[in-house]
Number of protein chains: 2
Amino acid sequence: MSRVQNENSETKPSIRESNRTKIIEAASKIFASNGYTGTTVQQIAEHAELPKANVLYYFKSKEGIYGAVLSEILSLWNSCLDDATVEDEPSEIFTRYIFEKMELSRTYPDASKIFAMEIIKGMPYLSEDMKHNMSEWFESRVALINEWINLGKMQAVDPQVLLFHIWSSTQHYADFSAQITSLRGEAMTVEDYDKASRYLATSILAGCGLTPKFDIV
Amino acid sequence: MSRVQNENSETKPSIRESNRTKIIEAASKIFASNGYTGTTVQQIAEHAELPKANVLYYFKSKEGIYGAVLSEILSLWNSCLDDATVEDEPSEIFTRYIFEKMELSRTYPDASKIFAMEIIKGMPYLSEDMKHNMSEWFESRVALINEWINLGKMQAVDPQVLLFHIWSSTQHYADFSAQITSLRGEAMTVEDYDKASRYLATSILAGCGLTPKFDIV
DNA sequence: GTCTATATAGCGATAGAC
DNA sequence: GTCTATCGCTATATAGAC
């Protein structure tokens, strides 16, 4: 029976993978509250309950940790819009997409915050590869929306401006949660998120001459 | 003729006031790109064309500079919504407010970015005084919108959610300008801002059962 | 008021014993 | 693989000459 050397999955949540995960989770929380430069490797190590040297053993540099966190974040962002086709109904796709984005804001607020700060600062650490993927995705979705418009399935709105509208209004609930909680006097509940999602879907779809399909979400 | 000592205005754009302004402007630019901890006093001094020690002479500490920048930012944010009353037409007020917010995003993007990062990080440096003022303003505007609703001047939407919607969708053009430019392939022009403002006004007001009044902006 | 020179502290990263 | 000890650097802030 020959020994398989580089077996890279299955039966191996070994210490290596477990520690990597602990570091990424700890780092996400601290990067979100303190920003990149405001975060120290020491803080990450304490939250991950590991010595600082071990953290740098796994990732080699603080920038390496941050890069891993960023790519982890992008992997979260699959949505129903990715695979939508010209055959689909825009009212259904947009309704579902808005609810998905709101659910992401509610479930992974730190991911949204880290990404928001990265963009506000001018995307200094976002790899060319990640930018390229984002651009490709964006262009293809703009093209799809233009097809829907040409088919008369929705009003003629600028697809770019429409996508920015959806992103901004949904991500706001993650990124600005501190302000929202402060102004409301209490944190948003799941029900609050649902009401806000319904309102946003109604308003945004109205801007496209559409009516949301709440029965599918 | 007696000497007046603490004369604090008029005929005095002296070196003192001029240097203070130069420091605040330089600091705003650098805080916006680098964040609070990512900014060094040395960088601020270079952009302001002053020796580092002089910068610290005027403000005493980096945190002092940041505080001054924050309060400068809040002073920019007067709007037509501040003095709106129940007699006004919500369609006019909201249309104008959305255009004002977009104009602020276009004209003072750095101010928006600094404030956004401050909130994302959990408002660590925002004074209790500033928070209090924001809350007072928010509550009174929520009350006003509720009055409009009770008078049948607009549909019954949650006023808090409506205000978050306006803020998020307009501030996005300042805060995420790097992503917007990257995805579009070119920066937003004044005309692009105007088109986006019209679209946002149409969509957001539609969500309230209103039609924008473009002739007044 | 202005600027040079420096005190003090904390950072990321590494070397080397275990 | 793990951890202690430490290097080299850069930051904020100040002391004191001009």
Side-chain angles (χ1 to χ4, degrees), chain A residues 3 5-8 11-24 26-70 114 117-118 121 124-125, chain B residues 3 5-8 11-24 26-70 114 117-118 121 124-125:
Chain A
R3 234 170 109 239
Q5 288 246 315
N6 288 318
E7 188 149 15
N8 62 349
T11 57
K12 213 175 62 175
S14 53
I15 296 188
R16 182 155 203 97
E17 213 44 48
S18 151
N19 280 350
R20 259 189 71 101
T21 306
K22 278 203 292 187
I23 292 167
I24 299 247
S28 295
K29 190 169 289 183
I30 304 175
F31 279 134
S33 332
N34 299 7
Y36 178 75
T37 35
T39 295
T40 68
V41 178
Q42 181 63 49
Q43 290 173 318
I44 297 174
E46 283 166 12
H47 265 75
E49 293 177 308
L50 288 171
K52 183 174 74 160
N54 295 29
V55 170
L56 287 166
Y57 165 74
Y58 281 113
F59 282 96
K60 202 186 81 190
S61 73
K62 178 177 160 179
E63 195 172 328
I65 304 173
Y66 185 70
V69 168
L70 275 186
I114 293 167
M117 283 192 282
E118 171 69 15
K121 293 187 190 174
Y125 293 104
Chain B
R3 235 173 106 235
Q5 288 245 314
N6 287 318
E7 187 149 17
N8 63 349
T11 58
K12 212 176 64 175
S14 52
I15 295 187
R16 182 155 202 96
E17 212 44 49
S18 150
N19 279 351
R20 258 190 72 101
T21 307
K22 280 203 291 187
I23 292 167
I24 300 248
S28 296
K29 191 169 289 183
I30 304 176
F31 280 133
S33 335
N34 300 7
Y36 178 75
T37 33
T39 295
T40 69
V41 178
Q42 181 64 49
Q43 290 173 318
I44 297 174
E46 282 165 14
H47 264 76
E49 293 176 308
L50 288 171
K52 183 175 71 164
N54 295 28
V55 171
L56 286 166
Y57 165 72
Y58 281 112
F59 282 96
K60 203 187 80 187
S61 72
K62 178 177 159 180
E63 194 171 329
I65 303 173
Y66 185 71
V69 168
L70 275 186
I114 293 167
M117 283 193 283
E118 172 68 16
K121 293 187 190 174
Y125 294 103

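Proteins get letters first, then strands, A, B, ... in listed order; numbering begins at 1 in each.
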Enquirer: Taking the side chain as everything from C-beta on, heavy atoms only, tell me whether A:Y66 gets closer than 4.5 Å to A:I114.
Expert: yes
Enquirer: Whole-Å distance between C:dG10 C1' and A:I44 CD1?
Expert: 16 Å
Enquirer: Measure OH/A:Y36 against P/C:dC11 and give the value in whole Å, please.
Expert: 14 Å
Enquirer: If you define the side chain from C-beta out and look only at heavy atoms, does anything of B:N54 sit under 4.5 Å from B:N19?
Expert: no
Enquirer: What nucleic acid atoms does A:F59 come within less than 4.0 Å of, heavy atoms only: base, sugar-phosphate, or nothing?
Expert: nothing
Enquirer: If you count heavy atoms of other groups shown closer than 6.0 angstrom to NZ of B:K22, is the number above 12?
Expert: yes
Enquirer: I need the minimum non-hydrogen distance between A:L56 and A:K62, along with the two atoms involved.
Expert: CD2-N, 4.2 Å
Enquirer: Do you know the tightest heavy-atom contact between B:T37 and A:T37?
Expert: OG1-OG1, 3.4 Å
Enquirer: Find the distance A:I30:CD1 to C:dG12:C1' and express it as a whole number of Å.
Expert: 15 Å
Enquirer: Below the 4.0 Å mark, does C:dT2 have OP1 or OP2 next to a side-chain nitrogen or oxygen of B:Y58?
Expert: yes
Enquirer: Is the closest side-chain donor-acceptor distance between A:Y36 and A:E63 under 3.5 Å?
Expert: no
Enquirer: Provide, to the nearest angstrom, the distance between the CD1 atom belonging to A:I65 and the C1' atom belonging to C:dC11.
Expert: 14 Å
Enquirer: Just by protein heavy atoms under 4.0 Å, how would nucleotides 3-18 of chain D read 5' to 3' in B, S and -?
Expert: BB------SBBB----
